[in-house]
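All heavy atoms count here, side chains included; hydrogens, waters and symmetry mates do not. What you see is a predicted model; the values in this text were computed from it and never measured.
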Amino acid sequence: LALFTLLWSYRKISSSFDLTLFIFGICFLPIFSYARVSLAMSIILLGLSFIVNEGKNRLVSIVFGFTLIAVSAFFHKSAPLGIVMSIAALFMVNANKTRLLLMAAMIPLFILVIQHAFDLFAAINLDSDTFITEHYRDRFFEASPNEVRNWSIGPFINSIVTRFPSYFIAVLYIVLVWTGDFKNLLVGERAFASYSFCVTLLSLLFSLVLGVETNVLQYRTLFFAFPANAVFLAAVRQREIKPRLFKPIFYFAVFSGFYQVLYATYCALVA
């Protein structure tokens with residue numbers, strides 16, 4: 001169901017569905033298959049695709065899109081992070097230098113807001129009747145003793161290989177916006193690209209918050225960007241924009257997908 005929903009959004013958005021599906025399959029499918037949050041991810045993207053749809057019945061499409069995005073919260077407790085970033089992506093659909101600089105200037109404010117939100121969230125009494133329980137909150141904000149003691153090279157490399165392609169894709173996004181090439185993408189492709197950029201930025205900001213262990217929250221947030229990254233990379237490749245920058249990022253993302261499958265196979269064999 002998650003895959004069907006994601007492919008539906010790709011059909012509505014991408015000008016090269018086959019290329020998007022290819023890039024998604026070789027670069028991001030392992031994480032999409034791993035995460036239980038996949039359905040929530042897909043519903044958010046489908047809702048976003050309806051919102052930016054420029055066809056007939058525009059008002060109905062917008063209302064339906066926002067409804068889908070809101071409904072995604074019922075499929076996973078981390079979905080609100082993706083929901084907020086989908087709204088932020090609408091602000092960045094027509095991104096330019098001014099909006100990029102404005103976002104950069106607001107980063108210290110974002111960090112303060114996140115820090116305050118964490119402090120408030122940590123002080124709230126949660127129980128089984130609330131949307132998120134204390135047990136679930138602690139899984140995000142506290143590293144387990146085993147995580148701290150049992151450091152090894154395999155998980156460390158896997159962490160680097162999994163996360164850094166998205167960071168480099170965010171750099172590609174900044175370059176395209178700065179040079180004006182971002183406008184060559186379709187509005188839906190720009191929406192998905194902006195969504196993945198906003199998610200990646202939020203994930204990075206989590207690592208700058210002091211006093212809270214946010215490693216789990218950081219990488220789980222970053223996973224929301226992966227399906228949208230495929231649309232962005234396919235759009236850039238199809239239009240042959242910045243090929244010298246695109247190629248190393250793409251090949252690194254391919255290596256990332258391959259390494260994740262290889263590492264998961266190794267873990268399954270030695271378990």
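Between the CZ atom in Phe232 and the OH atom in Tyr173 there is a gap of 8.0 Å [rounded to 0.5 Å]. With values rounded to the nearest 0.5 angstrom, His76 atom NE2 is found 12.5 Å from Ile43 atom CD1. Between atom CG of residue Leu101 and atom CE of residue Met106 there is a gap of 13.0 Å, rounded to the nearest 0.5 Å. To the nearest 0.5 Å, atom OG1 of residue Thr179 and atom CG of residue Asn184 are 8.5 Å apart. To the nearest 0.5 Å, atoms CZ (Arg163) and CD1 (Ile31) are separated by 10.0 Å. The CZ atom of Phe164 lies 8.0 Å from the OG atom of Ser159; values are rounded to the nearest 0.5 Å.
Every residue meeting the ring-ring contact (aromatic ring centres under 6.0 Å, His included) condition with Phe246, not counting sequence neighbours, appears here in chain and number order: Phe250. With sequence neighbours left out, Val60 forms a side-chain contact (heavy atoms from CB on, under 4.5 Å) with Asn57. Judged as a ring-ring contact (aromatic ring centres under 6.0 Å, His included), and not counting sequence neighbours, the contacts of Phe252 are Phe168. Scanning for ring-ring contact (aromatic ring centres under 6.0 Å, His included) contacts around Phe110 gives an empty result, with sequence neighbours left out. Every residue two or more places apart in sequence or in another chain that forms a side-chain contact (heavy atoms from CB on, under 4.5 Å) with Thr221 is listed here: Leu81, Val199, Leu202, Ser203, Phe206, Leu217. For Ala170, the side-chain contact (heavy atoms from CB on, under 4.5 Å) partners are Phe197, Thr200, not counting sequence neighbours. With sequence neighbours excluded, the residues satisfying salt bridge (Lys or Arg N to Asp or Glu O under 4.0 Å) with Lys242 are Asp181.
Taking 4.5 Å as the limit, every side-chain heavy atom of Val236 sits out of range of all side-chain heavy atoms of Phe182. Residues Phe91 and Cys198 are not in side-chain contact: their nearest non-hydrogen atoms beyond the backbone lie 4.5 Å or more apart. Side-chain atoms of Ile13 and Leu45, non-hydrogen and from C-beta on, never get closer than 4.5 Å to each other.
Linking Ile, Leu, Val, Met, Phe, Trp and Tyr residues whenever their side-chain heavy atoms come within less than 4.5 Å places Val254 and Leu245 in a single cluster. A chain of hydrophobic side-chain contacts below 4.5 Å, direct or via other Ile, Leu, Val, Met, Phe, Trp or Tyr residues, connects Val84 to Leu109. Leu7 and Leu186 are assigned to two separate hydrophobic clusters, defined by single-linkage of ILVMFWY side chains at heavy-atom distances under 4.5 Å.
Partner of Ile107 under the side chain to side chain contact (heavy atoms under 4.5 Å, CB included) criterion, out of Leu205, Leu204, Leu112: Leu205 alone.
Considering every non-hydrogen atom in both Ser14 and Thr20, the closest pair reads OG-OG1, 2.6 Å. Pairing each heavy atom of Ser72 with each of Ala79, the nearest pair is O-CB, 3.4 Å. Taking every heavy atom of both residues into account, Val52 and Ala191 meet most closely at CG1-CB, 3.8 Å.
Between the side chain of Tyr219 and the backbone N or O of Thr162, no donor-acceptor pair lies under 3.5 Å. A donor-acceptor pair under 3.5 Å links the side-chain atoms of Ser194 to the main chain of Met92, judged by distance alone. A side-chain donor-acceptor contact under 3.5 Å links Thr5 to the backbone of Leu1. Formation of a donor-acceptor pair under 3.5 Å by the Ser9 side chain with backbone atoms of Leu6 is found in this model. Using a distance-only test at 3.5 Å, with no hydrogens or angles considered, a donor-acceptor pair links the side chain of Arg58 to the main chain of Asn53. Judged purely by atom type and a 3.5 angstrom limit, Ser16 has no side-chain atom pairing as donor or acceptor with the backbone of Asp18.
Leu59 shares a hydrophobic cluster with Val63; the chain of contacts runs through ILVMFWY side chains whose heavy atoms sit under 4.5 Å apart.
The list of side-chain hydrogen bond (donor to acceptor under 3.5 Å, both in side chains) pairs with a residue in residues 257-271, not counting sequence neighbours, reads Ser256-Gln260. Pairs engaging residues 86-114 under the side-chain hydrogen bond (donor to acceptor under 3.5 Å, both in side chains) rule: Asn94-Arg190 [sequence neighbours left out]. Sorted by first and then second residue, the side-chain hydrogen bond (donor to acceptor under 3.5 Å, both in side chains) pairs involving residues 227-240 (not counting sequence neighbours) are Ser15-Gln238, Ser15-Arg239, Ser166-Asn229, Glu189-Arg239, Ser196-Asn229. Here side-chain hydrogen bond (donor to acceptor under 3.5 Å, both in side chains) pairs that include residues 39-51, with residues two or more places apart or in two chains, number zero.
The aromatic rings of Phe226 and Phe28 are tilted relative to each other, their planes meeting at an angle between 30° and 60°.
Between Phe192 and Tyr195, the distance from one ring center to the other does not fall under 6.0 angstrom. Phe32 has its ring centre no less than 6.0 Å from the ring centre of Phe223.
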